[in-house]
Amino acid sequence: MFWSPYKSIPAKLEKVIDETSNIKTFVLRPESKFRFATGQFIELSIPGVGEAPFTPSSSPYETDTIDVTIMKAGNLTGQLHALKGGETLGIRGPYGTGYPIEKFYGKEVLILGGGVGMAPLRSLLLTLIAQKEKFKRIILCYGSKSPEDVVYKHQFTEWQKIKELEIMRSVDKCPIGQWDETVGLVTCLLDQVKVDLKNTVSIVCGPPIMMKFGSRKLLDIGYTHSNIYLSMEGNMSCGIGKCGHCQIGHNFICKDGPVFTYEQLKHIPDPFI
Amino acid sequence: MATFFLSTNDYNSFIRNLSAQYRVFGLKGEEKNFYWSRLTAEKSEHTPNRYRALTPVKSFFFPVKEEVTAEPPVEKTILLGVKACDLAHLQTTDAIFLQGALADPYYALKRQNTIIISSDCDSYIPACFCTLMGGLPYPTKGFDLNLTPVREGFLIETGTQAGEDLAKANTSLFAQASRQQLAERDNLRNKMTELLKANNKDFTWTNPKDIVTAKYASQKWESDIAKTCVECDACRFACGTCYCFLLAESKKSWERIRSWDSCQSEGYGRVAGGANPRKTKGERLRNLYSCKLQYRPENFGFYACTGCGRCIEACQGKIDIRKSLQKLSEER
Ligand SMILES: Cc1cc2nc3c(=O)[nH]c(=O)nc-3n(C[C@H](O)[C@H](O)[C@H](O)COP(=O)(O)OP(=O)(O)OC[C@H]3O[C@@H](n4cnc5c(N)ncnc54)[C@H](O)[C@@H]3O)c2cc1C
Ligand code: SF4
Ligand code: FES
């Protein structure tokens with residue numbers, strides 16, 4: 001039977017959850033079970049309108065529905081934000097390499113996230129929580145612009161109850177009295193953690209500027225190139241290493257990534273857009 | 001594999017036979033430009049040799065625009081007169097479309113159902129620089145059959161089983177090649193190689209990968225090389241190895257169309273919010289040279305430029321990759 005990698009399968013939009021003023025989570029029910037590894041991405045489309053890459057933010061152990069958390073950034077994301085639920089969308093994938101979870105076993109796992117970059121990291125966190133005894137420590141440093149811009153507000157309350165999870169959060173700025181955690185850029189949270197540098201990995205996902213300064217800071221702290229994992233962003237069309245759009249150096253972000261170690265990218269003069 | 005001789009008459013009968021059984025495309029043209037045209041048993045005149053066509057051969061497997069969700073119609077096809085530089089282009093498009101986690105079925109089906117009859121160049125144009133890229137003006141691999149013009153006919157070399165089968169099916173037309181005819185082929189090939197070298201004698205660079213790698217930070221990309229680029233994308237749409245495309249939703253729901261895309265357009269790499277990894281013309285042209293001369297060799301072990309010269313002919317700004325590399329290599 002002929003099969004095209006460019007054809008989407010239908011997925012019913014079950015629910016739309018408001019996260020912040022410009023971020024929503026879309027709960028999708030694909031017509032058949034959908035399996036992915038955490039960190040892999042999908043191509044999501046409104047049929048006849050357009051398609052773009054997004055990383056599922058739900059747990060990979062959930063195969064009946066997938067969550068996608070989307071920031072309103074332009075045309076397609078704007079039209080997605082206008083949906084109410086009940087519509088049929090298209091998905092293709094999953095694509096790319098996910099996070100190499102087995103490599104994290106026995107280690108101190110430091111997660112550094114910013115803004116909507118929390119989407120893939122939530123999926124990762126849920127994966128780690130499901131087998132939390134396998135990791136020495138799980139530390140999440142998450143930054144957002146303001147308290148209002150924090151995604152997954154209710155889930156953070158749940159996560160804060162899990163004793164194996166160390167959560168630190170920052171906001172760039174906020175009026176006095178509205179935030180009792182750290183105020184400042186997310187990188188300053190790293191000053192508050194002491195890790196065993198011989199036995200730790202870090203995972204970074206956020207806006208390009210955060211990726212750049214976040215990975216610099218991690219290198220300063222003493223993380224090795226191969227122990228920093230970055231979720232790279234790039235313009236994408238096919239998602240399967242054919243269309244060329246996502247290339248940086250000789251790497252195709254869609255196929256060789258989107259998760260890369262700093263080591264893999266260090267030959268590229270300026271990998272962050 | 002074997003080499004046969006066909007008299008001009010027998011060659012014409014052979015092509016007529018093929019045209020009756022396959023969709024055969026050969027080269028037609030006047031003076032300078034050769035176009036791919038459908039040959040039929042009734043109208044099979046064409047130009048077997050000369051030099052490459054205006055349109056790169058990849059267009060048969062990866063058309064300018066195509067629907068990519070439904071099963072494609074596929075017809076048995078023969079391409080007649082593919083030149084060495086175009087044949088070498090297919091190494092790159094094959095590596096991209098056929099390899100990787102997923103093969104592209106649209107490219108694969110057309111490629112599998114096409115027989116390639118290549119041919120030696122017996123002339124060239126000033127833009128030709130196959131020899132600078134390590135190529136030769138005659139095919140050495142990748143063909144099913146290859147044609148060389150000799151006195152009163154052609155030599156036909158078989159390169160694959162499919163080629164052998166065609167020869168067998170037309171065995172009454174195929175005669176043994178004589179030693180003299182093989183020597184004649186060698187002479188033509190040597191002569192053409194020397195002519196191509198003479199055509200490019202002003203270019204003294206030898207290792208383009210090292211040049212683009214070493215000159216990444218050169219000011220010349222912006223101040224000189226890309227300066228006359230008018231961002232028309234013509235070079236990219238003329239290129240025989242460019243595989244970039246853009247998917248778009250079709251008017252019919254759940255259908256998708258892909259069209260060739262160009263890395264020289266400003267929006268190619270731009271992401272939501274407006275950030276752009278290659279904002280300037282210089283950055284984009286550098287990336288194009290690096291793509292062909294550094295990144296693809298890093299991935300596949302061969303250049304994604306074979307010296308067909310189409311980009312040189314297409315450029316409105318008179319940008320000549322040979323000259324660009326010369327300037328970079330001479331820069332201290
Ligand atoms: C691997 C990956 C995972 C992502 N995961 C998420 C996620 O979980 N949540 C989230 O909110 N965002 C995510 N993004 C970013 C998201 O894909 C863009 O926000 C989205 O493409 C914007 O589309 P738009 O039509 O609304 O934007 P516009 O700016 O209107 O886009 C216009 C056009 O620009 C091009 N374009 C712009 N940005 C991109 C891009 N990043 N990729 C491809 N084409 C682009 C497209 O051709 C598009 O049609 C991810 C991006 C990548 C590469
Ligand atoms: S570049 Fe070489 S192989 Fe191609 S048409 Fe010119 S002479 Fe022939
Ligand atoms: S998105 Fe097409 S090659 Fe990566």
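This one's a predicted model, so the numbers in the text were calculated from it and none came from an experiment. Naming convention: chains lettered A, B, ... in sequence-line order (proteins, then strands); numbering from 1 in each chain.
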| task | Take A/Ser237 and B/Arg258, measure what side-chain hydrogen bond (donor to acceptor under 3.5 Å, both in side chains) needs, and give me the verdict at the end. | result | CA-CA 10 Å; A/Ser237 185; B/Arg258 75 157 154 221; over 6 Å; no
| request: Tell me the residues of residues 62-72 of chain B whose non-hydrogen atoms fall below 4.5 Å from those of chain A, in number order. | output: B/Val68, B/Thr69, B/Ala70, B/Glu71, B/Pro72
| query | Looking at A/Phe252 versus B/Tyr295, is the centre-to-centre ring distance below 6.0 Å? | reply | no
| note | CE of A/Met236 to CG of B/Leu247, rounded to nearest 0.5 Å, is 13.0 Å
| said: Report which part of A/Ile9 has an atom under 4.5 Å of a heavy atom belonging to chain B: side chain, backbone, both, or neither. | reply: backbone
| field | A/Ile46 versus chain B, the contacting section by heavy-atom distance below 4.5 Å | value | backbone
| field | Region of A/Pro10 in contact with chain B, defined by heavy-atom distances below 4.5 Å | value | both
| field | Smallest separation among heavy atoms of A/Pro47 and B/Trp254, with atom names | value | CG-CZ2, 3.5 Å
| chain A contact via B/Gln294 - side chain, backbone, both or neither, heavy atoms under 4.5 Å | neither
| Which pair of non-hydrogen atoms, one from B/Val271 and one from A/Asn235, has the smallest distance, and what is that distance? | CG1-N, 3.3 Å
| query | Which residue out of B/Ala272, B/Gly274, B/Pro105, B/Ser253 racks up the most heavy-atom pairs below 4.5 Å with chain A? | reply | B/Pro105
| request: Pick one of side chain, backbone, both or neither for A/Leu89, based on which atoms fall under 4.5 Å of a heavy atom in chain B. | output: backbone
| Heavy-atom distance under 4.5 Å to chain A: side chain of B/Ser250, backbone, both or neither? | backbone
| field | Part of B/Ala103 within contact of chain A (heavy atom distance under 4.5 Å) | value | backbone
| note | Scored by heavy-atom pairs under 4.5 Å with chain A, the best of B/Tyr243, B/Tyr107, B/Tyr268 is B/Tyr268
| task | Using distance alone, with no hydrogens and no angle criterion, decide if A/Ser4 and B/Arg256 have a side-chain donor and acceptor under 3.5 Å apart. | result | no
| query | Checking B/Asp104 against chain A: side chain, backbone, both or neither under 4.5 Å from a heavy atom? | reply | both
| task | Kindly determine whether A/Gln247 and B/Cys263 satisfy side chain to side chain contact (heavy atoms under 4.5 Å, CB included), including the steps that lead there. | result | CA-CA 10 Å; A/Gln247 296 170 105; B/Cys263 59; over 6 Å; no
| query | If you draw a 6.0 Å radius around NZ in B/Lys327, do more than 12 non-hydrogen atoms from other residues or ligands fall strictly inside? | reply | yes
| Verdict with reasoning, B/Glu249 to A/Val49, per side chain to side chain contact (heavy atoms under 4.5 Å, CB included) | CA-CA 6 Å; B/Glu249 304 291 303; A/Val49 175; 5.6 Å; no
| field | Closest non-hydrogen atom pair between A/Lys242 and B/Phe97, with its separation | value | NZ-O, 3.7 Å
| message | Looking at B/Gln219, I'd like to know if its CD atom is crowded, meaning that more than 12 non-hydrogen atoms belonging to other residues, nucleotides or ligands lie closer than 6.0 Å. | response | no
| request: Output the option from A/Gly90, A/Gly249, A/Gly50 having the highest count of non-hydrogen pairs under 4.5 Å with chain B. | output: A/Gly249
| field | Between CG on residue B/Asp261 and SG on residue A/Cys243, distance to nearest 0.5 Å | value | 8.0 Å
| Do any N or O atoms from the side chain of B/Asn299 and from the backbone of A/His250 form a donor-acceptor pair under 3.5 angstrom? | yes
| field | More than 12 heavy atoms from other groups under 6.0 Å of NZ on A/Lys72 | value | no
| said: Quick check on B/Asn276 against chain A: is it the side chain, the backbone, both or neither that has a heavy atom closer than 4.5 Å? | reply: backbone
